[in-house]
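So that the names make sense, note that chain A is the first sequence line, chain B the second, and so on, each numbered from 1. Heavy-atom basis, side chains included; hydrogens, waters and symmetry copies ignored. The structure displayed is predicted, hence computed values, not measured ones.
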Amino acid sequence: RKEVEQDPGPFNVPEGATVAFNCTYSNSASQSFFWYRQDCRKEPKLLMSVYSSGNEDGRFTAQLNRASQYISLLIRDSKLSDSATYLCVADSGTYKYIFGTGTRLKVLA
Amino acid sequence: DGGITQSPKYLFRKEGQNVTLSCEQNLNHDAMYWYRQDPGQGLRLIYYSQIVNDFQKGDIAEGYSVSREKKESFPLTVTSAQKNPTAFYLCASSPINRGRTEAFFGQGTRLTVV
């Protein structure tokens, strides 16, 4: 089983739609969780850190469920510019970052 | 501006050659990392370092070597022993704090074996 698992997609959604990505992690020692966005042929960039209480930044909401070892990202009112690959990341408990394989999102006009 | 600089952006290597990828950061981060990304794949950890003069193997260290002689620099050498080196290489850094923080990435080096 992979340490961090994501549905690879692709998710094709119309502009204005709400889309949710899910991610599970296997290492119960993981303390920090993140969502990164990666555009084609570019480096990953931090989208959101995921806090245990859940956090929101504009159209983006991240949730953490430690009991189920599950992380989610919700994007509301999708824009064409949201098209990218979204990477779920968990720390290993020893300052290593474990990346999921990413979920591709394509927002359609 | 603070950040991570990787060079070169594109690199072509002949089979049997060693090549070194540069990674420099001026963020004063203690930890540095090298990842490899293949098309349609996630990031796989090659090597990481939490302190100068110390580094650890990641999941796919075979055929690679690193050094950490300075806090700011973490070069990666792709040796001829790496059988399939064509990939996108990403260097990252992060502080080591009690509260964990995210990793910051350089722009990557795209290595092609010709």
Given a strict heavy-atom distance threshold of 4.5 Å, which part of A/R104 is in contact with chain B: side chain, backbone, both, or neither?
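For A/R104, neither part sits under 4.5 Å from chain B.
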
Given that the side chain runs from C-beta out, which part of [X] has a heavy atom under 4.5 Å from chain A: side chain, backbone, both or neither?
| X | answer |
| --- | --- |
| B/Q56 | neither |
| B/R44 | neither |
| B/L45 | side chain |
| B/A103 | both |
| B/Q50 | side chain |

Any link between [X] and [Y] through a network of hydrophobic side chains (Ile, Leu, Val, Met, Phe, Trp, Tyr) touching at under 4.5 Å?
| X | Y | answer |
| --- | --- | --- |
| A/V50 | A/Y25 | yes |
| A/Y86 | A/I71 | yes |
| B/Y64 | A/Y97 | no |
| B/Y48 | B/Y89 | no |
| B/L90 | B/Y10 | no |

Enclosure of B/Q107 CD (heavy-atom neighbours >12, cutoff 6.0 Å)
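Atom CD in B/Q107 is not packed in, count stays at 12 or less.
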
Looking at B/L27, I'd like to know if its CG atom is crowded, meaning that more than 12 non-hydrogen atoms belonging to other residues, nucleotides or ligands lie closer than 6.0 Å.
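Result for CG/B/L27: enclosed.
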
Just so I know, are the side chains of B/Q37 and A/Q38 near enough to count as touching, which here means a heavy-atom distance under 4.5 Å?
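They are in side-chain contact.
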
Minimum heavy-atom separation for A/K42 and B/F88, please, with both atom names.
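Looks like O-CE2, 3.6 Å.
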
Do you know which two heavy atoms are closest between B/R110 and A/R41, and how far apart they sit?
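Answer, listing the atom of B/R110 first, then A/R41: CD-NH2, 3.1 Å.
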
For the NZ atom of A/K96 and the OH atom of B/Y33, what is their distance to the nearest 0.5 Å?
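Nearest 0.5 Å value for the NZ-OH distance: 10.0 Å.
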
Taking A/S49, A/G100, A/P44, A/G102 one by one, which has the highest count of heavy-atom pairs under 4.5 Å against chain B?
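Counting heavy-atom pairs under 4.5 Å, the top option is A/P44.
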
Can the ring centroids of B/Y35 and A/F99 be said to lie less than 6.0 angstrom from one another?
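Ring centres of A/F99 and B/Y35 closer than 6.0 Å.
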
